[in-house]
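A, B, ... follow the sequence lines: proteins, then strands. Residue 1 opens every chain.
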Amino acid sequence: MKEKELRRSLAVLPIGTVMRLTNLSARQIRYYEEQQLVTPKRNEGNRRMYSLNDIDRLLEIRDFLDEGINMAGIKHIYDEKARKEAQKKAQLEKPLTDRDVRKILRDEFMSVSGLVREDEVSFKHNKNF
DNA sequence: TTTCTGACA
DNA sequence: TGTCAGTA
């Protein structure tokens with residue numbers, strides 16, 4: 001599934017195409033870029049080139065706006081998303097702490113002993129386990 | 001022709 | 001946001 005992601009991130013669409021695909025004006029699309037909501041690549045002639053991911057992003061922004069969310073609100077949403085992903089990634093790269101291990105063992109014990117339902121076990125199993 | 005930046009309403 | 005100007 002790596003090939004698909006790579007294609008989706010290829011910036012090949014000029015702003016004119018993006019306008020038609022998103023129903024947004026060039027003015028709006030450029031403004032959202034100023035607000036750091038999208039970061040299109042630039043070609044040799046300083047032309048903005050968008051990827052399919054950028055299109056999705058713009059469509060999402062348009063929906064948020066329709067729902068009455070302002071620029072600050074949308075920025076906050078993406079900032080939070082980025083913050084959480086960064087945190088998750090950092091956590092995955094760290095070895096388990098003693099506290100984590102104890103929690104895993106306790107949860108396993110609780111689960112096996114039938115004292116709690118499986119879906120109530122708080123530990124979220126991952127590759128590290 | 002299309003897009004870019006800057007600026008004014 | 002829309003729109004106009006002067007470019008590339």
Base versus backbone protein contacts along nucleotides 3-9 of chain B [heavy-atom cut-off under 4.0 Å; B, S, -]: BSB-B--

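Each of A/Thr17, A/Thr39, A/Ile29 was checked for a side chain to side chain contact (heavy atoms under 4.5 Å, CB included) with A/Tyr50, and the lone residue meeting it is A/Ile29.
Remark: C/dT7 base-pairs with no nucleotide; criterion is Watson-Crick or G-U wobble with both hydrogen-bond distances under 3.5 Å.
Judged by distance alone, the side chains of A/Arg42 and A/Asn46 do bring a donor and an acceptor atom under 3.5 Å apart. Side-chain contact annotation: A/Lys75 with A/Gln35, donor-acceptor N/O pair under 3.5 Å present.
As rounded to whole Å, 11 Å separates atom C1' of B/dT2 from atom CG of A/Asn43.
When every heavy atom of A/Leu24 is checked against every heavy atom of A/Arg62, the shortest pair comes out as CD2-CG, 3.9 Å.
By the 4.0 Å N-to-carboxylate-O rule, A/Glu93 lies too far from A/Lys89 to be salt-bridged with it.
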